[in-house]
Amino acid sequence: GMHTVMPGIVESHLHLFVGAVERESLMVNHINGFDQLSDSEREHAKKHPKDNVIGANDEDVINVTCTGTCTTALVEKNKVLGGSDDMNCFNLDFAVDGGIVRSNSARFCPDSGFEISGNGAVLVEKNTSSHTGAEGDEGFEISGSGIKTVTSNLSQLGGGSGFKISQGAHVLTKNTAKDNGKDGFQIDTDLVMGVVLTGNVATGNATEGIDSSAAADAVTLTDNTAKNNRKGSDVCSVNAFVDGSGNQFGSAVTATCIDN
């Protein structure tokens, strides 16, 4: 006789580990604003003092937009393990002065480890970005008109540049960029004026240690070390930079930079 055959539609996989972790994790998908996020984190930390790893899917893991209501915003001691495409570990936009980004760790995010922007002055210190930027993004991308003081950070084993400045007058001091897939320090645009690099180290990066396409005299280099970067020159600058002395470069400065 006549019979009907229907295709079987079966959802047969289950994320056991992720599901188990989420049952004990702080869920932030319904939280709006930095104040709610900060209060929720503190309450969760009291109940789970040993939990300090943050993960996410599909969106930036820690995404903070700080307006006039969070003039003392502190992003501190977070450990992020990334995963999904088009995702930064930290995406932080400070519209006002006073932000502090300290002692955080970013690992395995396909985009940037730390993307820090906005018109506010921010202190960025003692953070680590490792194995980020599989899609070619930076360990630390710094932009915005507010001065970012970036000190004692480490960017290593990333797919893009260790540190990239794409806009603004920022101060980078005693940072280390090593074994990244592009430059150690990339100053990427003529919108940059008054950038200061002091006491930084770039080594083992795939292209230049320091790469500047900024306008003439827009960048001051003092006491930096760039050696053993694997391709091109240890330092390239399309236009002249201000040599503050004390720099140690493994090769002569060239005006021809490798296109990133």
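Everything numeric in this text was worked out from a predicted model, so none of it was measured.
- Side-chain contact check for Gln186 versus Ile165: every heavy-atom pair is 4.5 Å or farther apart.
- With a 4.5 Å cut-off on side-chain heavy atoms, Thr132 and Phe108 do not count as touching.
- No side-chain heavy atom of Phe185 sits less than 4.5 Å from a side-chain heavy atom of Asp211.
- Under a 3.5 Å cut-off, the side chain of Asp97 and the backbone N or O of Ala121 do form a donor-acceptor pair.
- Here Lys227 contributes atom NZ and Thr203 contributes atom OG1; the two are 9.5 Å apart, rounded to the nearest 0.5 Å.
- Judged by distance alone, the side chain of Asp234 and the main-chain N or O of Ser251 form a donor-acceptor pair under 3.5 Å.
- Ser145 meets the side chain to side chain contact (heavy atoms under 4.5 Å, CB included) test with Asn119; sequence neighbours excluded.
- For Asp243, the side chain to side chain contact (heavy atoms under 4.5 Å, CB included) partners are Phe241, Asn247, not counting sequence neighbours.
- Rounded to the nearest 0.5 angstrom, Ser161 OG and Glu208 CD are separated by 9.0 Å.
- When atom types are taken as modelled, the side chain of Asp183 and the backbone of Gly209 share no donor-acceptor pair closer than 3.5 angstrom.
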Derivation and outcome, side-chain contact (heavy atoms from CB on, under 4.5 Å), residues Val124 and Asn153 | CA-CA 8 Å; Val124 183; Asn153 301 281; 4.1 Å; yes
Val101/Val122 under side-chain contact (heavy atoms from CB on, under 4.5 Å): CA gap, chis, key distance, verdict | CA-CA 8 Å; Val101 183; Val122 181; 4.1 Å; yes
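- Taking each heavy atom of Phe114 and Ala106 in turn, the nearest pair found is CE1-CB, 3.6 Å.
- In this structure, the side chains of Ile142 and His170 come closer than 4.5 Å at one or more pairs of heavy atoms.
- The shortest side-chain heavy-atom distance between Lys231 and Ile258 falls under the 4.5 Å cut-off.
- Counting only residues at least two apart or in different chains, disulfide (SG to SG under 2.5 Å) contacts with residues 125-168 are absent.
- Interatomic distance, NZ of Lys148 versus CG of Leu92, reported as 10.5 Å (0.5 Å rounding).
- With sequence neighbours left out, the side chain to side chain contact (heavy atoms under 4.5 Å, CB included) criterion links Asn180 to Ser155, Ala177, Asn205.
- Considering only residues two or more places apart in sequence or on other chains, Arg102 meets the side-chain hydrogen bond (donor to acceptor under 3.5 Å, both in side chains) condition with Glu76, Glu125.
- With respect to Asn200, the side chain to side chain donor-acceptor pair (under 3.5 Å) criterion is satisfied by exactly one of Thr151, Thr176, Asn224: Asn224.
- What you find for Val150 and Asn175 is that their closest heavy atoms are O-ND2, 2.9 Å.
- Asn78 places a side-chain heavy atom less than 4.5 Å from the side chain of Ile62.
- The line from CD1 of Ile210 to OG of Ser233 is 10.0 Å long, rounded to the nearest 0.5 Å.
- Looking at every heavy atom in both residues, Ser112 comes nearest to Glu141 through OG-OE1, 4.0 Å.
- Contact check for Phe90 versus Val75: side-chain heavy atoms found under the 4.5 Å cut-off.
- Here the CG-NZ distance, from Leu154 to Lys178, works out to 6.0 Å after rounding to the nearest 0.5 Å.
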Are Asp179 and Gln156 close enough, and set up right, to give a side-chain contact (heavy atoms from CB on, under 4.5 Å), and what steps lead you there?
-> CA-CA 6 Å; Asp179 300 324; Gln156 63 180 357; 5.5 Å; no
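- Connection of Val64 to Val61 is established within a shared hydrophobic cluster, with ILVMFWY side chains joined at heavy-atom distances below 4.5 Å, either directly or through further cluster members.
- The hydrophobic cluster containing Leu197 does not contain Val201, counting ILVMFWY residues as joined when their side-chain heavy atoms lie under 4.5 angstrom apart, directly or transitively.
- With contacts defined as side-chain heavy-atom distances shorter than 4.5 Å, the pair Ser129/Phe140 qualifies.
- No more than 12 heavy atoms of other residues, nucleotides or ligands sit less than 6.0 Å from atom CD1 of Ile147.
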Checking side-chain contact (heavy atoms from CB on, under 4.5 Å) for the pair Val96/Cys66: CA distance, chi angles, key distance, verdict?
-> CA-CA 7 Å; Val96 293; Cys66 181; 4.1 Å; yes
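- For the side chain to side chain contact (heavy atoms under 4.5 Å, CB included) test, residues two or more places apart in sequence or in another chain that qualify with Ser212 are Ile187, Ala214, Val219, Ser237.
- With Thr254 contributing its side chain and Thr256 its backbone, the two residues share a donor-acceptor pair below 3.5 Å.
- Atom CD1 of Ile116 sits about 9.5 Å away from atom CG of Asn91, to the nearest 0.5 Å.
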